Amino acid sequence: MFLEFKKEAEHVLKEALKKASYEYEGVDLEESEHADLASRIAFSLARPYKNSPAIIAEDIVKHLEIPAENTLIADAVAVGPYINFYANDLFLQMTLQEIKEGIATERKRGKIILEHTSANPDGPLHIGHLRNAIIGDVLVRVLERAGYEVETQYYLNDMGRQIAVVVWGAERLAYDATKKTDHAVAEVYIAANRMLEENNELLDEVGELMRKYEAGDADVIRKYKAAVQKCLSGIQASFERLNIQQVVFVWESEFARSGAVKGVIEELKQKGDIKREGAAILLQLEGIEKALVIQRTDGTSLYTTRDLAYHRWKGKNCDRVIDVFGKDHELVSQQLAKALELLGVKAPEFVIFAFVSLPSGSLSTRAGRYISADELMDKIEEQAYTEVDKRRDDLDESKKRKIARKVGIGALRYDMVKVSPDKHIVFDFDDALDIEKKGAPFIQYSHARACSILRAAEEKGYAVSEDYDAALLKERSEIELIKKLSKFCHIIEEAASDLKTHQVAKSARELAESFNLFYKDCPVLTADAELRKSRLALVDCARIVLRDVLAVLGIEAPEEM
RNA sequence: GGGCCCGUGGCUUAGCUAGGAUAAAGCACCGGCCUUCUAAGCCGGGGAUCGCGGGUUCGAAUCCCGCCGGGUCCGCCA
């Protein structure tokens, strides 16, 4: 409902500006701690109209006309240079009504192909991939909630040297059948790398595998598929445990063999600024100093070219392309965008996130220097279990485990998504396992409390009904809570347009905070019958929005904790 | 060497795109609150030259320039 309120305030303010004959660019209407909405427009009018901001604000307010009925605005006043808008009782009432009826998200806004994670299938996901996967997955959920149809893709780099090393290693070493499959693959990969380092002449065999794979040798393809699938099934299991939504795996090799890569190279030769160094082909892109190699001296394709073919295909098959990439892909993504422009295909929108490193340095699967997502999940769930166990010895074992899973994975997801993607993270195990009080468990706890009130109400025969009077909700904490609830759509809209998921995490925490204040201030079950009905309605609305905002974060909402 | 990103209380961060109302939170620390719907909660307290130096502006954490520290990338790896 906040969006409707903002729209109306904007309209009213624009009318006043027109009436007072001010020329303006934007109305500069923002959320504020001092009002429900505040405009700073008087500052920017001060200079052209040679008057103090306070006088101009006063003048604008004089011309302001708030409709007599059917309005969401209670009042608009000039406070010094600021014009402050306040929402009225109808706004509060409509907010609750809208939540109860279900917030409409029927608007169809087109199709998005979003790519995230795309980790090489040479081992398990590690904490770096985790950041990619979680940011990507929350983005998917935000965009879906905002009305887009989203297909999530995982680009599978099966043509690189790493995978060739895995395939080569698998012919000489046995997978450890006792381990999760992706971990078994990593062991072979690490061991194979060591063998190759000690015997450089064996590298030719790896090169031979790569050539045969690109050429389409049936036997080699079979070996590759087996190795990649082995790793993938492990990765997929981790995704499920992390509550990552369904992804479609797109194999890089398909673009190489389908002729799409050749097609891209031919097209770039015609449309681009090409130079040749021997048999290699280089593409000079506008504004980028370094030329992009699009074909090797030996005539084979490169990762970049194949990626270009992939992105051309994506661009043609949806309305928006979004890529969640690590910082190391920043230059590559700029080159990609420029080259796609040459090809006449829309460029992707990039969400670039900074690295996760360990105190000992950067992560490396090949060197075995990483913390796997599985290990982290195991430990955090265990930690969550001891926390549950500490508080709830009345519950049976399976119930405690179930809650611990939700809390542990939730805490992990929240911690990853709460910080801005361009912040570099140095991973600290103790820190990660310190189930932060104001993180996911805090929000989940608020949800559980709301559920608990509703359960107790039902037992006493006080069912939530449509028959309540929102006007009875006059306590400060009640009003604050409703206002927080009203912002849900606004938060989703902002996150969907800025592609900034960490703000959703922050808003979710603030909502939980508001609920906890209400919980403390306003007894529900012991209130008078009429007030009780209103408060029960509010609790139910809070439950719905807390559940929804957690769902957008991909965090499960337990009904008890 | 060049490009891009980050630098905010002891620690982790939000705010920076579109400059404005006392710089906002969490952790840690100190003190208080469970006979009332789950204390994973609530209330109070101390603690910040917003990396440093200039500039623009009536006004700068926010914009511009320089420097320092960290990260990342820089043609035939992916």
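Note on naming: letters A, B, ... go to the chains in the order of the sequence lines (proteins, then strands), and numbering restarts at 1 for each one. Keep in mind the model is a prediction, meaning the values are calculated, not measured.
- A distance of about 14 Å separates the P atoms of B:A61 and B:G9, rounded to the whole Å.
- Taking a 4.0 Å limit (strictly below) on heavy-atom distances, residues 423-432 of chain A reaches RNA chain B at A:Lys423, A:His424.
- If you check residues 384-391 of chain A against RNA chain B, the residues with a heavy atom closer than 4.0 Å are A:Val388, A:Arg391, listed by number.
- Look at OH on A:Tyr519: it is 10 Å from P on B:U36, rounded to the nearest Å.
- The nearest whole Å value for the distance from the CD atom in A:Glu30 to the C1' atom in B:A14 is 16 Å.
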Self-check item: Bracket notation of RNA chain B in which parentheses pair within the strand, [ ] cross earlier pairs, and | pairs with another strand (Watson-Crick or G-U, under 3.5 Å)
Solution: (((((((..((((......[...)))).(((((.......))))).....(((((..]....))))))))))))....

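- Within 4.0 Å (heavy atoms only), A:Ala354 reaches no atom of the nucleic acid at all.
- Looking at heavy-atom distances under 4.0 Å, A:Cys522 makes contact with a base.
- A distance of 7.0 Å separates CD1 in A:Ile60 from CD1 in A:Ile56, rounded to the nearest 0.5 Å.
- Annotation: side-chain contact (heavy atoms from CB on, under 4.5 Å) contacts of A:Asp521 (sequence neighbours excluded): A:Ser477.
- Note that CD1 of A:Ile555 is 10.5 Å distant from CD1 of A:Ile409, once rounded to the nearest 0.5 Å.
- Nucleotide B:A21 holds its C1' atom 16 Å from the CG atom of A:Asp36, rounded to whole Å.
- A:Leu517 comes within contact range of the sugar-phosphate backbone alone, with a heavy-atom separation under 4.0 Å but no base atom that close.
- The cationic atom of A:Arg401 (NZ for Lys, CZ for Arg) lies less than 6.0 Å from the six-membered ring centre of A:Tyr385 and within 45° of the ring axis.
- B:U22 and B:G15 have their C1' atoms separated by 16 Å, given to the nearest Å.
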Tabulate protein N/O versus nucleotide N/O from nucleotides 2-4 of chain B, keeping only pairs under 3.5 Å, one per line.
residue	atom	partner	partner atom	Å
B:C4	O2'	A:Glu330	OE1	3.3
B:C4	O2'	A:Glu330	OE2	3.3

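- B:G75 has its base syn relative to the sugar, with a glycosidic angle deviating from 0 by at most 90°.
- A:Lys500 places its NZ atom 11 Å from the C1' atom of B:A14, with the value rounded to the nearest Å.
- When heavy atoms are screened at a 4.0 angstrom cut-off, A:Tyr82 is found touching base atoms of the nucleic acid.
- Residues passing the side-chain hydrogen bond (donor to acceptor under 3.5 Å, both in side chains) test with A:Glu330 are A:Lys327, sequence neighbours excluded.
- Distance alone, capped at 3.5 Å, is enough to place a donor-acceptor pair between the A:Ser118 side chain and the A:Tyr155 backbone.
- Salt bridge present: A:Lys314 and A:Asp323 bring a charged side-chain N and a carboxylate O closer than 4.0 Å.
- The distance from the CZ atom of A:Phe518 to the NZ atom of A:Lys484 is 14.5 Å, given to the nearest 0.5 Å.
- Proximity of A:Arg47 to the phosphate of B:U57: no side-chain N or O atom is located under 4.0 Å from OP1 or OP2.
- Salt bridge A:Glu10/A:Lys7: absent, no basic N to carboxylate O contact under 4.0 Å.
- Straight-line distance from the CD1 atom of A:Ile380 to the C1' atom of B:A40: 14 Å, rounded to whole Å.
- Between A:Leu302 and A:Lys506, the residue whose closest nucleotide on RNA chain B is further toward the 5' end is A:Lys506.
- Atom CD in A:Glu31 sits roughly 13 Å away from atom P in B:G15 (whole-Å rounding).
- A 6.0 Å sphere centred on CG of A:Asp528 holds no more than 12 heavy atoms belonging to other residues, nucleotides or ligands.
- Looking at the side chain of A:Val332, the nearest of the listed nucleotides B:A14, B:A78, B:A21 is B:A78.
- Put simply, CD1 on A:Ile352 is 21 Å from P on B:U17, counting in whole angstrom units.
- The distance from the CD1 atom of A:Ile41 to the CD atom of A:Glu25 is 9.5 Å, given to the nearest 0.5 Å.
- Among B:C76, B:C37, B:A78, the nucleotide with an atom closest to any side-chain atom of A:Asn157 is B:A78.
- For A:Lys399, the side-chain hydrogen bond (donor to acceptor under 3.5 Å, both in side chains) partners at least two apart in sequence or on another chain are A:Glu560.
- If you check every strand for non-hydrogen atoms under 4.0 Å, A:Gln503 touches sugar and phosphate atoms only.
- Note that A:Arg449 lies outside the cation-pi zone of A:Phe515, set by a 6.0 Å cut-off to the ring centre and a 45° limit from the axis.
- Distance check on atom P: B:A14 versus B:G51 gives 13 Å, rounded to whole Å.
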Nucleotide N/O of nucleotides 24-26 of chain B paired with protein N/O under 3.5 Å:
residue	atom	partner	partner atom	Å
B:A25	O2'	A:Arg509	NH1	3.3
B:A25	O2'	A:Arg509	NH2	2.7
B:G26	O2'	A:Glu436	OE2	2.8

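- A donor and an acceptor atom sit less than 3.5 Å apart, one in the side chain of A:Ser32 and one in the base of B:A21.
- Of the residues in residues 158-167 of chain A, those placing a heavy atom less than 4.0 Å from an atom of RNA chain B are A:Gly160, A:Arg161, A:Gln162, in numerical order.
- Rounded to a whole angstrom, the distance from the C1' atom of B:G59 to that of B:U13 is 27 Å.
- The residue among A:Asn84 and A:Pro421 whose nearest nucleotide of RNA chain B is located toward the 5' end is A:Pro421.
- The gap from the P atom of B:C52 to that of B:G45 amounts to 28 Å, rounded to the nearest Å.
- Within the structure, the side-chain hydrogen bond (donor to acceptor under 3.5 Å, both in side chains) test picks out the following pairs touching residues 494-513 of chain A (sequence neighbours left out): A:Lys438-A:Glu513.
- In this structure, A:Leu331 CG and A:Lys290 NZ are separated by 10.0 Å, a value rounded to the nearest 0.5 Å.
- A:Glu214 and A:Ser301 share a donor-acceptor pair across their side chains, judged by distance under 3.5 Å alone.
- The separation between A:His34 atom NE2 and B:A23 atom P is 11 Å, rounded to whole Å.
- If you take atom C1' in B:A25 and the same atom in B:A18, they sit 24 Å apart, rounded to whole Å.
- Between B:A23 and B:U8, the two C1' atoms lie 9 Å apart (nearest whole Å).
- When the ring pair (Phe, Tyr, Trp, His ring centres under 6.0 Å) test is applied to A:Tyr224, the partners found at least two apart in sequence or on another chain are A:Tyr213.
- Scanning for side-chain hydrogen bond (donor to acceptor under 3.5 Å, both in side chains) contacts around A:Lys212 gives an empty result, with sequence neighbours left out.
- When the C1' atom is compared between B:C16 and B:A60, the two are found 11 Å apart, to the nearest whole Å.
- For the pair A:Arg131 and A:Phe353, the NZ or CZ position fails the cation-pi test of under 6.0 Å to the six-membered ring centre and within 45 degrees of the ring normal.
- Across all strands shown, A:Ala46 has no heavy atoms under 4.0 Å from either base or sugar-phosphate atoms.
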